[in-house]
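Each chain gets a letter, A, B and so on, in the order its sequence line appears, and its residues count up from 1. In this text the structure is predicted, and so the values were computed from the model without any measurement.
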Protein chains: 2
Amino acid sequence: MDSLQKTENQEVSQEQIILDAASKVFMRKGYEGARMQEIADEAGINKALLHYYFRSKELLFHHIFRQSFRSFWPSIEPVLYKADSDIRSVIKAMVYGYANLLEKMPYLPNFIINEINRDPAKVAGLIQDAGIKPEMVVSAFERAMNKGEIVRMDPRELIVNIIGLCVFPVITRPLLGTLLYHEKHAYEQFLQSRKETACEFICRAVCLNFAAKSDF
Amino acid sequence: MDSLQKTENQEVSQEQIILDAASKVFMRKGYEGARMQEIADEAGINKALLHYYFRSKELLFHHIFRQSFRSFWPSIEPVLYKADSDIRSVIKAMVYGYANLLEKMPYLPNFIINEINRDPAKVAGLIQDAGIKPEMVVSAFERAMNKGEIVRMDPRELIVNIIGLCVFPVITRPLLGTLLYHEKHAYEQFLQSRKETACEFICRAVCLNFAAKSDF
DNA sequence: GTCTATAAAGAGATAGAC
DNA sequence: GTCTATCTCTTTATAGAC
């Protein structure tokens, strides 16, 4: 009773503070690289408390990973499902959606890729658990691609291409930043302007290059 | 003296066997996830021998990582440097070059990305050490892009896009295979046909869509 | 609920026989 | 060069006081 009140009076629960700290550390270091001590430090509490709340590193990690996994699949912007959306709007929504997500969580893609590599078998369960319905996104693309004179291609491949073009420059930032742009700032600038240029690149690739460019 | 002869008589040196085993394990599990015991098992030898040959896990890892790092930057197909290569040939060489590399070493990109995330500061040293000259590739692209009526874009961005389109579907295979293609085989087939479709996608994006398609 | 102290297991590294 | 046995340190996890 007393403990319940205590929890309610806090702005954020101790549990949430731990989850935030764990998320930060796991995302950055991965499961193997993360240390319970570092998570405790980040949360400003004692190591033993982590076990009190989440029993084991494995369980704490699962909490983080499941909730991270949900955010990676496009949280299905309304525009995707408007029946009359054209492919240009759909592409734009997708690119900007990912760009915004990645600004907030740049380590998310790598985090997910690594964990799925560590245990590929659990992918199916994760998808089900997260309530992800890929068919809806695919069919939204299919519908939009059937309007206008668009090049014929598998909508799934277009989706892979879009996500890849958004994600790749972010996860390779330290490498390509130095390799091609020589300094951090130039690459950050590139990532900024890229929202537009990626849209243009993709639209041209689906043969929309001669449509109005003004709305970019 | 005796030991030297012994080494020469072997088809592959013990050192090379260890390097191969270590490469396999490190690529798959990363530095943190790899275990010296697993490397020893993979090499069919004892754990202590690893230390005899390479002193520490850290040093062994560095050997592997440096040599891996070299192979990631396009090993600069001759076609890139032929003065009269058109952009279509350059794109094709790049895409097929990476496709072949990734067939042999599918875990390479993730391996490199992870390690560079673990210690971004060392990128510059690695590039220098590997003797990578990005300017040569960039200028090869620039030259090729100045022929024909190509859309104006930063050659570096085109390079990022090409590599991303090649790499992303491979490193997300377990995820996207299940999510979009529902079975392993369908995704493998997609990756096969993708060599061509990726070329087409990119060429269209640089406005080569109306040029002859027959040579694909 | 939160802490300190400590147990238990894991993993890298070394010693020393052969 | 190669092995077995062992040391040492790190890290997860628990016990128990408050």
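For the pair Leu49(B) CG and dC3(D) C1', the computed distance is 8 Å after rounding to whole Å. Atom pair Leu50(B):CG and dA13(C):C1' shows a separation of 11 Å (rounding to whole Å applied). Taking atom CD of Glu32(A) as the reference point, atom P of dT11(D) lies 12 Å away to the nearest angstrom. Protein atom CZ of Phe61(A) is 13 Å distant from nucleotide atom P of dT12(D), rounded to whole Å. Gln37(B) has its CD atom 10 Å from the C1' atom of dA11(C), to the nearest Å. Atom CD of Glu38(A) is separated from atom P of dT10(D) by 15 Å (rounded to the nearest Å). When the P atom of dT12(D) is taken as reference, atom CG of Leu59(A) falls 14 Å away, rounded to whole Å. Rounded to an integer number of Å, the gap from OH of Tyr53(B) to P of dA13(C) is 18 Å.
Between Gln14(B) and dT2(D) there is a side-chain N or O to OP1 or OP2 distance below 4.0 Å. Under 4.0 angstrom from either OP1 or OP2 of dG10(C) there lies no side-chain N or O belonging to Arg35(B).
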Tabulate atom names and distances for all N/O pairs under 3.5 angstrom spanning the protein and nucleotides 13-16 of chain D.
{"unit_1": "dA13(D)", "atom_1": "OP2", "unit_2": "His51(A)", "atom_2": "NE2", "d": "3.2"}
{"unit_1": "dA13(D)", "atom_1": "OP2", "unit_2": "Lys57(A)", "atom_2": "N", "d": "2.7"}

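No side-chain donor-acceptor contact under 3.5 Å links Lys122(A) to the backbone of Glu115(A). Checking side-chain atoms of Ser85(B) against main-chain N and O of Val90(B) turns up no donor-acceptor pair under 3.5 Å.
Classification of Glu103(B) and Lys195(B) as a salt-bridged pair holds, one side-chain N sitting under 4.0 Å from a carboxylate O.
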Anything under 3.5 Å between a donor and an acceptor, one on a side chain of residues 158-169 of chain B, the other on a protein residue two or more places apart or in another chain? List them.
{"unit_1": "Asn161(B)", "atom_1": "OD1", "unit_2": "Arg194(A)", "atom_2": "NH1", "d": "3.0"}
{"unit_1": "Asn161(B)", "atom_1": "OD1", "unit_2": "Arg194(A)", "atom_2": "NH2", "d": "2.8"}

- Query: Going through the distances and angles, do Glu58(B) and Tyr31(B) end up as a side chain to side chain donor-acceptor pair (under 3.5 Å)?
  - Reply: CA-CA 8 Å; Glu58(B) 190 75 25; Tyr31(B) 179 79; 2.8 Å; yes

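Residues passing the ring pair (Phe, Tyr, Trp, His ring centres under 6.0 Å) test with Phe141(B), sequence neighbours excluded: none.
Among the heavy atoms of the strands lying under 4.0 Å from Ala34(B) are primed sugar atoms or P, OP1, OP2 only; no base atom is included.
Between the side chains of Ser89(A) and Asp86(A), at least one donor-acceptor pair of N or O atoms lies under 3.5 Å.
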